[in-house]
**Q** 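The structure is given below, and queries will be raised subsequently.
The chain is numbered in sequence order, starting from 1. Since this is a predicted model, take the numbers as computed values, not measurements.
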Amino acid sequence: MTVDLEVPVLIVGGGGSGLTASMLLSHLGVESLLVSRYPETSRYPKAHVLNQRSMEIFTDIGVAPAILERSAPTENLRGVGWYSGLSGDGPGDGYAQRLAFIEGWGGGYTDPDYIAASPCPSANLPLIRLEPILKAHAESKPESDVRFFHELVNLSQDSEGVTATILDRRTLEQYRVRSSYLVAADGGRTAGKLVGIDMDGITNLRNVVNVHMTVDLSQYFDDPGPMIRWVYNPDHPEHLDYGCVLIAVGPDHWGDRSEEWLAVMPYPFEHPDSSDPEKVLQRLCESVGLPASAPRVHSVTKWVMEGVLADKFSQGRVLLVGDAAHRHPPTGGLGLNSGIQDVYNLCWKLAAVLQGRAGTGLLDTYAEERRPVDAANIEIALSAAMNHSTVVNAFGLSPQQSAEENWEALRPLWSDLPDSPSRRHGVSQAVASHTYEFRQQGIDFGYSYQSAAVVEDGSPPPTPIDAVRIYEPSTRPGSPLPHAWVEREGKRLPLGSLIHGGHFALIAGEDGGDWVDAALKIAAERSIPLRATRVGFGDVDHVDVMCAWLKNRGISSTGAVLVRPDRYVGFRATDAVSDPAAALADAFDQILATGGS
């Protein structure tokens, strides 16, 4: 076969990562072809949490308003609740007894730390609702060609590009696509294997079964705030090892009034019941306390819990993103979010290389920067998944006890008994350990990059207060630009929006005019998209109206930071230098791998 189609970038995979890559490349003026072996977007309501960093990325692309229109309202994203069964010997009102609650993901954008970190709240929209939005947005761009039910079956590559063989699964005809680069977002099914990339790590930890169902649970819950609900029914001790997780998935109402729910139930690996839909539904109803006739089931799916990482993120001109590069438990919602952030790191680099502004060495920094972050996310997700028994133990529940004994174990939590204070405090301590899963602000924002695309300034790496739970804003090179609201001409905007559309941003202090002039001159000479500004007080371009920039900027009035198009600091000068033009020219040479050109 001859080459039938030539395109700068071929994207393999039409899930969240692949569709985000398509949108980003279009946003950056790069043509792409996306192929997905599936006939349609996901039919399963999984991967529902979109953290603040991902929503910033979707804001840059322009798809965030459509996502927020369908997402659960923030009042339904307050946190996580633990409950006794929906029926049984618990107290009062016909509702499930809530045994514990903890805020998560910024408590519905009420946590001051989350408000200070980002102009974007987290969102909650499962893939069954999210992917059609992303697909429609990608298809609306003239630079992108999106083809579902088209499957990669083979590829070869040389020093100039990749030749892929694609099967049109509707017509069963094959065609060839020639691209400069191939982005593998196919969950590790095909592209990585074809170029010899292996996945290493822990697998077969357990099976997990998801049940997507329509059921009215408003008669059992009267608290709209939790995003996730853990239910442990003492009437069925045999299910207490794992319980059942209930997640509201809309589509029109959320919280306790959601029309549809996702039930998640772990099993020991290869337990025979996990492959029997009737036994799965029986366990679901028993674990929750529902009558067997209540749920109308849409799907029952089984998957394997694992924590695996690709041994490398690229081979030649094939680059892996999302689940093709890393897979781990969904605890903390790090899977889809990591994939979105992979492609945000990668796509501006692809655009810079393809459009002649950068050397190909810039693409080497993708793996240098993202692989350590994704490896850390796997470790954290696995640790969080193994921590779920702590709350069950604090409740005093056990499969070795009778139903009556388990109800008695819970009674001190809602009755004033002699041991109630100590038992309640024990539950508080156990629940607090789950901030490792539900308050991962240090993971969402606190990770930093080390690579040739970051110009070190000699400052020592900080010692974090808590690398998972706490985000400490900084402009140290390799860190994400701290959020700050600024004003220009009476209009307020987030400082980070200066990079939107694939721009570098040069942000100087009040007396940093020389930095601004030098940056604009270099950008014009090299055709680098860049915005430059002085931020602070007095005669400045953007006014630091809430002093948030002053608090975190890490430079004097004569210093400057250079921010990359992925909102990461690439260069910092804390004070004035004798030749800002030379300093910035060197910085761009290093970041863009141009070798002094």
**Q** Consider side chain to side chain contact (heavy atoms under 4.5 Å, CB included). Of Leu498, Ile499, Ile507, which one does Leu481 pass it with?
**A**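 Of all the options given, the one that passes is Ile507.
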**Q** Can you pull out every side chain to side chain donor-acceptor pair (under 3.5 Å) where at least one residue sits in residues 114-123? Sequence neighbours excluded, please.
**A**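 Side chain to side chain donor-acceptor pair (under 3.5 Å) check on residues 114-123 returns Glu56-Ser118.
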**Q** Treating Gln52 as the side-chain partner and Cys120 as the backbone partner, does any N or O pair qualify as donor plus acceptor under 3.5 Å?
**A**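 Side chain of Gln52 to backbone of Cys120: a pair is present.
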**Q** Can you name the side chain to side chain contact (heavy atoms under 4.5 Å, CB included) partners of Asn76, sequence neighbours left out?
**A**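 For Asn76 the side chain to side chain contact (heavy atoms under 4.5 Å, CB included) partners, ignoring immediate neighbours, are Ala72, Pro73, Pro224, Trp254.
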**Q** Could you state the interatomic distance from CG (Asp566) to SG (Cys347), rounded to the nearest 0.5 Å?
**A**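 Here the interatomic distance stands at 11.0 Å.
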**Q** Just how far is it from atom CG of Leu320 to atom CD1 of Ile197, taken to the nearest 0.5 Å?
**A**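 Rounded to the nearest 0.5 Å, the CG-CD1 separation comes to 4.5 Å.
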**Q** Determine whether the aromatic ring centres of residues Tyr568 and Tyr447 are separated by less than 6.0 angstrom.
**A**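 So the answer is yes for these two rings.
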**Q** Indicate every side-chain donor-acceptor pair of residues 512-522 with a distance under 3.5 Å to a residue at least two apart or in another chain.
**A**
{"residue": "Trp515", "atom": "NE1", "partner": "Thr558", "partner atom": "O", "Å": "2.9"}
{"residue": "Lys521", "atom": "NZ", "partner": "Glu525", "partner atom": "OE2", "Å": "2.6"}

**Q** Check the orientation of Phe313 and His326. Use parallel for under 30°, tilted for 30 to 60°, and perpendicular for over 60°.
**A**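 Rings of Phe313 and His326: tilted, as their planes differ by 30° to 60°.
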**Q** As an exercise, state the distance from CZ of Arg564 to OG1 of Thr365, rounded to the nearest 0.5 Å.
**A**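 So the gap between those two atoms works out to 6.0 Å.
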**Q** With sequence neighbours excluded, tell me which residues meet side chain to side chain contact (heavy atoms under 4.5 Å, CB included) with Met199.
**A**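 Val308, Ala310, Arg327.
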**Q** Do the charged groups of Arg439 and Asp113 touch, with an N to O distance under 4.0 Å?
**A**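 Salt bridge: yes.
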**Q** Show your reasoning for whether side chain to side chain contact (heavy atoms under 4.5 Å, CB included) applies to Arg572 and Ile555.
**A** CA-CA 8 Å; Arg572 177 175 71 172; Ile555 59 172; 3.8 Å; yes
**Q** Hey, is CE on Met386 packed in by over 12 heavy atoms from elsewhere, all under 6.0 Å?
**A**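 More than 12 within 6.0 Å, yes.
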**Q** With side chain to side chain contact (heavy atoms under 4.5 Å, CB included) as the test, pick out the partner of Val249 among Lys46, His48, Arg129.
**A**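 The option that passes is Arg129.
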**Q** For residues Thr41 and Glu131, report the shortest heavy-atom separation together with the two atoms involved.
**A**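 Closest pair (atom of Thr41, atom of Glu131, distance): CB-OE1, 3.5 Å.
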**Q** Is it the case that atom CD in Glu379 sees more than 12 heavy atoms from other parts of the structure closer than 6.0 Å?
**A**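 Open.
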**Q** With a 6.0 Å cut-off on ring centres, are Phe504 and Trp348 close enough?
**A**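 Between Trp348 and Phe504, which both carry aromatic rings, the centre distance is below 6.0 Å.
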**Q** Kindly list each side-chain donor-acceptor pair under 3.5 angstrom involving residues 487-495, sequence neighbours excluded, with atom names and distances?
**A**
{"residue": "Glu487", "atom": "OE2", "partner": "Arg492", "partner atom": "NE", "Å": "3.2"}
{"residue": "Glu487", "atom": "OE2", "partner": "Arg492", "partner atom": "NH2", "Å": "2.9"}
{"residue": "Arg488", "atom": "NH1", "partner": "Asp541", "partner atom": "O", "Å": "2.9"}

**Q** Donor-acceptor pairs are to be reported for all side-chain atoms of residues 11-21 against protein atoms at under 3.5 Å, with residues two or more places apart or in another chain.
**A**
{"residue": "Thr20", "atom": "OG1", "partner": "Gly16", "partner atom": "O", "Å": "2.7"}

**Q** Spell out, as yes or no, whether a donor-acceptor pair under 3.5 Å connects the side chain of Arg534 to the backbone of Ala508.
**A**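 A pair under 3.5 Å: no.
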**Q** Is there a donor-acceptor contact under 3.5 Å from the side chain of Arg357 to the main chain of Ile528?
**A**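 No: the side chain of Arg357 does not pair with the backbone of Ile528.
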